[in-house]
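Only one structure is covered here, and it is reproduced in the block below.
Computed from a predicted structure; not experimentally measured. Naming convention: chains lettered A, B, ... in sequence-line order (proteins, then strands); numbering from 1 in each chain.
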Amino acid sequence: MLTAPPHSTRREGNAMNGTAPRPDAESGWADLVTTALLGTDRRPPARLVPGRPAPVTLLDAAAEATVRRRAGLRAARAARRPERAPEDPRPALPPAAAGRLAALLAERSGGAGGGRRGSSPDLMELLPQWLAAANGHGYAAPTQALPALLDAARGRTDLRPAALAFAGPRALWLARFNPDWRFALRTAPGGAALPDPGDAEAVRELWEEGLFAERVALLGALRARSPKLARALLAGTWPTERAEDRLMFLDSLRAGLSAADEPFLEKALGDRGRNVRATAAELLSALPGSALAARMAVRATACVALDRSGDGPLIVVEAPHECDSGMERDGVVATPPAGRGERSWWLGQLVEAAPLGSWPERLGGRDAREIVALPVADGWQGELHAAWCRAAVRQRDARWSRALLGAPSAPEAGGPGAVSLAERAKLLGTLDPAERAGWVAGFIAAHGLSEAFQLLGVCAVPWSAPLGRAVVDALNIARDAGSYPWSFSGVMGLAERCLDPAEAARLQSLLAVPDEREDAAPGAGGYWAEAFQRLVTTLRLRAAMADELRPAPAPGVG
Amino acid sequence: MTEQGVRWTADQVLALAPDATSRKAAGRLGTAGPWSEAGSGKESVWGLCKGGGSRPYRTVVDLTGPAYGCSCPSRKFPCKHALGLLLLWAGDGGSVPARAEPPDWAGQWLAGRRERVRDERPGGGPGAAAADPEAARRRAERRAERVTAGATELERRLADLLRGGLAAAEQAGYGLWEETAARMVDAQAPGLAARVRELGSIPASGAGWPARLLEECALVHLLDQGWLRRDLLPEPLAATVRSRLGLPAPANGPPERDRWLVLARYDTADAKLTTRRIWLYGAASHRIRLLLSYGAGGRAPELSLPVGLALDAELSVYPGAGQLRAALGERFAAPAPAGPCPPGVTTAEAVARYGTALRADPWLESVPAVLERVVPVPDAERWQLADADADSALPLTRSARSRPGLWRLLALSGGAPVTVFGECGHRGFTPLTAWPEGGGEAVPLC
């Protein structure tokens with residue numbers, strides 16, 4: 001019975017039928033199913049065995065047919081196979097690093113993981129660093145990790161560029177098969193679909209027929225190679241583009257902006273779209289040599305003058321009385337937001353867009369530091385200095401930034417002065433990394449950690465030695481002051497990610513639980529020890545991660 | 001042998017974790033920070049892990065099991081400390097140096113455990129011979145009578161069902177089956193009880209359910225008949241019937257010593273019991289064997305061999321024709337990294353093997369198979385594994401299509417042929433482990 005010749009019956013789930021089913025077997029099985037559905041009382045089986053009840057005969061026949069069908073299954077016809085994924089020429093990860101990646105990604109799939117973290121590191125927060133380091137070495141992702149990488153990138157948009165760069169061409173191949181990963185096809189950095197920028201024909205074709213996202217990617221890629229070609233491409237179709245597309249394309253000129261872009265931008269000042277005009281004006285004002293910058297300089301310097309009549313030099317401000325059409329064409333927004341006077345609003349925009357280089361001549365040959373130190377009459381200081389801050393950031397002027405930041409230890413640096421913390425963070429961004437870290441270290445030494453979070457966020461990772469030491473010292477002081485560590489959880493989290501792993505040794509002494517003091521919050525000492533333990537553990541982990549990624553000296557050894 | 005020759009990989013360690021939470025916790029503990037006095041030697045790893053309390057937890061792992069001991073109160077098995085310790089050991093040598101002797105606390109635990117293992121070995125324990133053979137025979141007779149009564153009653157119920165028609169049974173709902181299953185439990189025929197419960201779920205399983213229900217009813221009927229007329233069956237088939245009914249039998253096959261490659265490991269759980277299946281492949285004998293272990297009440301089963309390693313050990317198969325299930329006997333060394341993946345067959349050969357295996361056991365759902373040079377073909381509804389060199393393919397089972405491992409398989413392949421181990425049956429193929437083209441480590445898919 002069990003060696004019956006192969007045959008097949010067509011049913012749901014029987015997808016393996018490579019041969020056509022034999023009609024008699026097919027109808028025989030269908031007949032059995034019909035009888036079973038209706039019941040043998042209503043529909044006796046076709047064949048009865050004397051002495052055996054009808055339902056048992058049915059079961060006998062069904063058992064035989066079932067085993068015969070299963071025993072006779074054949075493989076199905078192959079469907080169209082997918083084309084091969086492109087080769088990834090990058091070298092494979094060292095085994096230990098591959099294991100680490102698996103652990104980091106496993107952490108992600110483990111869910112939100114709420115609750116107190118205790119003394120163990122937060123692995124998910126280390127994934128961005130790990131990806132950056134792996135990309136720095138130029139490794140290929142292990143193929144079996146691609147689904148988890150794509151899932152991670154799907155959940156966190158900030159991870160996408162690094163995760164997709166690491167995941168490489170095979171991830172894009174893979175993403176085509178899973179709707180959840182479509183985002184990868186949209187955001188792929190210099191995706192495989194982009195033509196070679198040298199291939200004028202293909203570039204032109206994609207530019208004219210591609211989807212918006214493809215066109216933005218093309219423009220970006222081309223601009224990185226040849227700004228001139230990119231500009232020509234954009235100028236060719238500019239009048240026919242939709243307003244919101246024009247805005248996005250214009251925005252892509254931000255990268256690699258140069259004086260050569262001025263004629264195009266100047267033309268865009270006459271654009272139909274208000275946002276397009278504003279963006280063009282903003283870009284032009286970031287080019288101190290542009291005609292727009294010169295016009296703005298004339299307007300701005302007309303409002304600000306030096307008064308030498310009093311005890312010492314004094315800046316006097318005469319804000320504009322009207323916003324004329326020329327100003328509007330150059331990007332000045334005429335209507336202030338609710339609650340702001342229109343004259344100070346116009347002044348702010350003029351000063352912000354004027355080249356900083358035009359002020360020393362206007363203000364008695366003084367340099368940035370001296371100008372910032374000058375008193376300002378009639379309470380205009382806040383408005384004027386804030387506008388200079390915006391100008392320094394826009395024109396990436398380190399000298400003015402330094403002057404506006406002032407000394408980190410100055411008492412007004414800690415409180416809400418003329419320059420807000422957010423503006424200060426932006427100003428710091430124009431300084432070179434070492435100077436930036438030094439300023440923030442000085443700030444923390446003088447003012448503690450309570451205002452430092454935003455400033456620390458703009459410092460280069462890993463933190464320089466003086467900055468790291470300042471943060472650790474400040475944490476130590478906070479602990480001795482008797483507060484709970486979670487008041488500093490933001491800075492702690494940053495320190496775990498940004499402190500140089502080499503600092504771990506210096507932290508060893510902080511791990512002990514100190515004796516409880518009377519004025520301290522109950523149990524705080526234990527929590528601090530735990531927080532420092534986590535800090536040290538995370539630093540060790542980061543050091544291990546960096547080691548694992550270092551290429552092996554020679555393959556096949558060890 | 002050298003003690004330090006065979007560190008496991010982090011992947012292999014993480015594969016031992018009973019759940020995602022443990023994997024996560026282990027990742028955090030797999031750094032030098034919380035550990036002190038860690039060491040390894042004599043095929044074991046040990047260390048002290050600083051936890052929440054004042055005393056550190058004492059964690060020790062016997063790599064020959066692997067088996068785990070930890071003074072923490074966790075009910076997880078292995079606990080996060082044991083996993084973290086193994087990760088640390090797998091990661092680098094510096095934190096877990098080789099030592100000649102474990103500390104006393106670890107040494108005592110190891111000695112105790114290894115003694116127990118020796119006692120439990122099949123045939124080696126004192127229990128087997130001491131029992132009264134006459135009493136055992138009487139117990140077996142009484143149970144056989146009960147099973148016979150159960151099988152007879154089930155036959156009557158099946159006949160009633162088909163007399164009235166499956167359409168009527170659909171309206172009766174699940175309660176009818178649940179009650180019948182309880183009767184089979186009373187009859188001490190757990191195999192029948194499980195099948196009856198399965199029958200109850202088929203009417204809700206979507207289009208085509210009457211045919212599927214008839215198939216499964218017919219196979220239950222075949223099993224009943226096999227039991228009621230077991231005297232007429234050849235002994236191996238009778239043994240298969242007994243095992244399908246769930247009657248216990250010792251694994252009394254001759255010991256098969258080999259280097260057993262761990263092909264795949266996965267758990268299935270119902271409300272009461274977690275069942276772990278571990279597929280092994282004998283490098284010399286080319287045999288495939290199955291180890292089962294169970295965990296009750298939400299605990300993970302104890303036996304946890306990492307996929308991709310091989311262990312030098314003896315297995316004994318359970319009785320029954322074509323039986324692949326075996327019991328693990330003596331282990332001669334700790335699991336060590338295995339060689340290349342086993343040789344495989346084409347999709348057509350795999351299906352043919354399933355057909356042939358039904359000859360010995362008509363109740364087989366699937367057989368284990370290594371497919372060589374197959375390409376996963378993704379499709380929204382019907383995924384396939386297609387031969388790279390022929391025009392035939394196996395569809396994937398419905399359950400396989402909903403697993404995340406499916407995407408790992410596709411990523412691993414990238415459209416190129418891979419080697420895949422899995423279960424091949426009448427519902428299609430369930431991939432469990434894959435190896436990339438041109439050699440490489442095993443990638444678990446389940």
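In this structure, B/Gln384 contributes its side chain and A/Arg77 its backbone to a donor-acceptor pair below 3.5 Å. Side chain of A/Arg69 to main chain of B/His426: no donor-acceptor pair is present (N/O by atom type, distance under 3.5 Å, no hydrogens or angles).
For A/Trp181, the ring-ring contact (aromatic ring centres under 6.0 Å, His included) partners two or more places apart in sequence, or in a different chain, are B/Trp407. Checked against side chain to side chain donor-acceptor pair (under 3.5 Å), B/Arg163 has the following partners two or more places apart in sequence or in another chain: B/Asp160.
Neither the backbone nor the side chain of A/Leu150 comes within less than 4.5 Å of any heavy atom of chain B. In this structure, the portions of A/Asn178 lying under 4.5 Å from any heavy atom of chain B include both its backbone and its side chain. In this structure, the portion of A/Arg80 lying under 4.5 Å from any heavy atom of chain B is its backbone and not its side chain.
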Working for side-chain contact (heavy atoms from CB on, under 4.5 Å), residues A/Arg70 and B/Glu365: CA-CA 9 Å; A/Arg70 291 183 180 182; B/Glu365 286 289 303; 3.7 Å; yes
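For the side chain to side chain contact (heavy atoms under 4.5 Å, CB included) criterion with A/Leu37, the lone passing option out of B/Leu162, B/Leu214, B/Leu166 is B/Leu166. Each of A/Leu58, A/Leu59, A/Thr66 was scored for a side chain to side chain contact (heavy atoms under 4.5 Å, CB included) with B/Cys217, with one residue passing: A/Leu59.
For A/Arg52, the CZ atom is densely surrounded, since the number of other residues' heavy atoms within 6.0 Å is greater than 12.
Closest heavy-atom contact between A/Arg81 and B/Asp391: NH2-CA, 4.3 Å.
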